[in-house]
> 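The structure that follows is given in the form of structure tokens.
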Amino acid sequence: MSMYQVKTVCPEIKIDLPTCMYKLPNIHTRQENSCSPDHALQNGDVDPAVKALEARQDEILRKLYELKAAVEGLAKTVMTPDADLDVTVGNTLSSQSSSCDIFKGSPNLDTLLGKDLGALRDIVINANPAQPPLTLLVLHSLLCQRYRVLSTVHVHSSVSSVPPQLLSCLGPKHADSYARHMFQLGFTLIWKDVPKLEMKFSVRNMCPIEGEANVARFLFKLLAPYPSDPVLATLVDGWVDTAFFQLADGSTKERAAVLRALNSALGRGPWLSGPEFSLADIACYCCVMQTGSASSAATNVQRWIKSCENLVHFGPAKVLLK
């Protein structure tokens, strides 16, 4: 007779497995061994194997959280139009600095921008390398003083080449740039062939903001509220518009008139909108320097330029002006 007989629904077919094919360990023996004094855990100690398993589980959960945060960030980038980026140049974690804390208080991003389920708030800016936005570099430096900012520079396929100083304008790459949950703000600058600067903050709820002046206003409000006095707020807005429309894009005659107005205003106080530093000073300084008007400026303007340059946040703009 064969060793194996098949047994199915047919009564005449059987399967007989040899009893020696499968052997099970003696359960009673294992239990006795596990209770022996050599294997007992004294004083409530935890088995080292259990500790190692828990540590491994914690490490896996940490990596999964970081991966989730990274995927959320990539999802925002993919949902942002014009996200066909060719070269990722650099990232930086800029920590808060107490060396020049111009703005007092601690703004709450949830209050300013509304609650966000993502790991951080992404600000994506498209800028033409032929017209570097100096005001944004100053504001970026100020934002880094206030928040934990993940800064990144990209090059779009519409641009053939970008000078090295533009590639590093937001600082060097940080070792922890992959861990998006460590940051509060994402500041992405894309060098792209665009007619005017544009910013995209919320691709779901907000249309792009166009123009360096308007983007600068948005970013400045993350640092300090606009003056509650409507007259003072209008004064700041007036200087910002004057900087971009008459200094940056105006004729030689218009620039000369603005320089005279600057000298007169700065004769009444250290800053353009009174005793406090404001967006008006950032915009006018950058436009004066970018148009080469500083050399012909009067005494008060020259003094004001030095006061601005004494602030560390103007450093990135000065690098591009060289």
Side-chain angles (χ1 to χ4, degrees), residues 89-90 92 94 97 99-103 123 125-147 149 151-153 162-172 185 187-192 196-199 211-224 236 239-250 255 258-259 262 266 270-273 276-297 301-322:
V89 179
T92 179
S94 301
S97 170
S99 59
C100 186
D101 190 6
I102 297 176
F103 306 110
I123 296 172
I125 297 172
N126 294 326
N128 197 317
Q131 299 173 325
L134 298 185
T135 58
L136 268 59
L137 300 185
V138 178
L139 290 167
H140 168 263
S141 182
L142 286 165
L143 286 170
C144 290
Q145 174 188 320
R146 184 57 56 86
Y147 305 105
V149 181
S151 306
T152 313
V153 179
V162 175
Q165 61 268 29
L166 294 184
L167 299 180
S168 59
C169 62
L170 298 185
L185 280 176
F187 194 101
T188 302
L189 178 59
I190 305 173
W191 295 117
K192 182 181 178 182
K196 63 173 61 177
L197 184 140
E198 63 178 9
M199 186 199 80
E212 187 172 347
N214 294 325
V215 174
R217 288 186 176 98
F218 177 90
L219 296 179
F220 189 82
K221 289 177 181 178
L222 301 181
L223 295 164
V236 173
W239 279 119
V240 172
D241 287 338
T242 297
F244 287 104
F245 293 115
Q246 292 183 273
L247 272 176
D249 297 330
R255 290 176 183 172
V258 173
L259 287 175
L262 285 172
L266 293 168
W271 305 109
L272 289 174
S273 59
E276 302 293 335
F277 176 85
S278 72
L279 180 60
D281 300 286
I282 297 175
C284 288
Y285 169 87
C286 291
C287 290
V288 166
M289 302 303 293
Q290 202 162 24
T291 57
S293 304
S295 58
S296 60
V301 178
Q302 295 286 355
R303 173 187 52 78
W304 166 75
I305 289 175
K306 291 181 180 179
S307 297
C308 291
E309 293 181 345
N310 285 336
L311 301 177
V312 67
H313 311 295
F314 284 84
K318 289 172 60 179
V319 171
L320 296 188
L321 289 169
K322 292 181 180 178

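Residue indices begin at 1 and follow the sequence shown.
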> Indicate yes or no: at least one non-hydrogen side-chain atom of Cys169 is less than 4.5 angstrom from one of Leu189.
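Answer yes - side chains close enough.
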> Using salt bridge (charged side-chain N to carboxylate O under 4.0 Å, His left out) as the criterion, list what pairs up with Asp241, not counting sequence neighbours.
Arg217
> Show the nearest heavy-atom pair for residues Phe244 and Ala283, with the distance to one decimal.
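Here Phe244 and Ala283 meet closest at CE1-CB, 3.9 Å.
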> For Phe245, does its backbone N or O pair with a side-chain atom of Asp249 as donor and acceptor, under 3.5 Å?
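No; zero donor-acceptor contacts below 3.5 Å.
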> When you compare the side chains of Thr188 and Thr152, does any donor N or O come within less than 3.5 Å of an acceptor on the partner?
no
> Walk me through whether Leu170 and Leu137 qualify under side-chain contact (heavy atoms from CB on, under 4.5 Å).
CA-CA 7 Å; Leu170 298 185; Leu137 300 185; 3.9 Å; yes
> Considering only heavy atoms from C-beta outward, does the side chain of Cys308 approach that of Trp271 to under 4.5 Å?
yes
> Tell me whether Gln165 at atom CD has more than 12 heavy atoms from other residues, nucleotides or ligands lying less than 6.0 Å away.
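More than 12 within 6.0 Å, yes.
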> If I take atom CZ from residue Arg255 and atom CD from residue Gln246, how far apart are they, to the nearest 0.5 angstrom?
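Result: 11.0 Å between the selected atoms.
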> Distance from Leu223 atom CG to Leu279 atom CG, nearest 0.5 Å?
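One finds 9.5 Å between CG of Leu223 and CG of Leu279.
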> Using every non-hydrogen atom in the two residues, find where Tyr147 and Leu222 come nearest and quote the distance to one decimal.
OH-O, 2.6 Å
> So how far is it from Leu321 CG to Glu309 CD, rounded to the nearest 0.5 Å?
8.5 Å
> Do Asn128 and Lys192 come close enough that some side-chain heavy atom pair is under 4.5 Å?
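Not in contact.
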> Checking Leu166 against Leu320 for the side-chain contact (heavy atoms from CB on, under 4.5 Å) test, could you report, in this order, the C-alpha distance in whole Å, the side-chain angles of both residues, the deciding distance, and whether it holds?
CA-CA 8 Å; Leu166 294 184; Leu320 296 188; 3.7 Å; yes
> If we only count heavy atoms from C-beta on, is the Ile125 to Val215 side-chain gap below 4.5 Å?
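Heavy-atom side-chain distance check passes, below 4.5 Å.
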> Could you tell me which non-hydrogen atom of Leu139 sits nearest to which non-hydrogen atom of Phe220, and how far apart they are?
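Minimum heavy-atom separation between Leu139 and Phe220: CD2-CD1, 3.9 Å.
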> Do Val153 and Val162 have side-chain heavy atoms sitting under 4.5 Å apart?
no
> For Phe314, which of Leu311, Val312, Asn310 qualifies under side-chain contact (heavy atoms from CB on, under 4.5 Å)?
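That would be Leu311.
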> Output all residues satisfying side chain to side chain contact (heavy atoms under 4.5 Å, CB included) with Ala317, sequence neighbours left out; order by chain, then residue number.
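Listed in chain order: Leu134, Val138.
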> With no hydrogens and no angle check, do the side chains of Trp239 and Asp281 hold a donor and an acceptor under 3.5 Å apart?
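Short answer, no.
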> Any sub-3.5 Å donor-acceptor pair from Ser293's side-chain atoms to Met289's backbone N or O?
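Not at all, since once roles are kept as given, no pair shorter than 3.5 Å links the two residues.
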> Please identify which of these residues, His140, Glu212, Gln290, Met199, meets the side-chain contact (heavy atoms from CB on, under 4.5 Å) condition with Pro133.
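Passing option: Glu212.
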> Please give me the minimum heavy-atom distance between Pro316 and Ser141, naming the atom from each residue.
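Closest pair (atom of Pro316, atom of Ser141, distance): CG-CB, 4.5 Å.
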> Decide yes or no for Leu197 and Leu136: does some side-chain heavy atom of the first lie under 4.5 Å from some side-chain heavy atom of the second?
yes
> Give the minimum heavy-atom separation between Ser296 and Leu259, together with the two atoms involved.
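So the minimum-distance heavy-atom pair works out to OG-CD1, 3.9 Å.
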> For the residue pair Cys284 and Leu262, what are the closest heavy atoms and their distance?
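Minimum heavy-atom separation between Cys284 and Leu262: SG-CD2, 4.1 Å.
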> Measuring only between side-chain heavy atoms, which start at C-beta, is Ile123 closer than 4.5 Å to Leu219?
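Yes, side chains in contact.
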> Are side-chain heavy atoms of Thr135 and Tyr285 found at a separation under 4.5 Å?
no
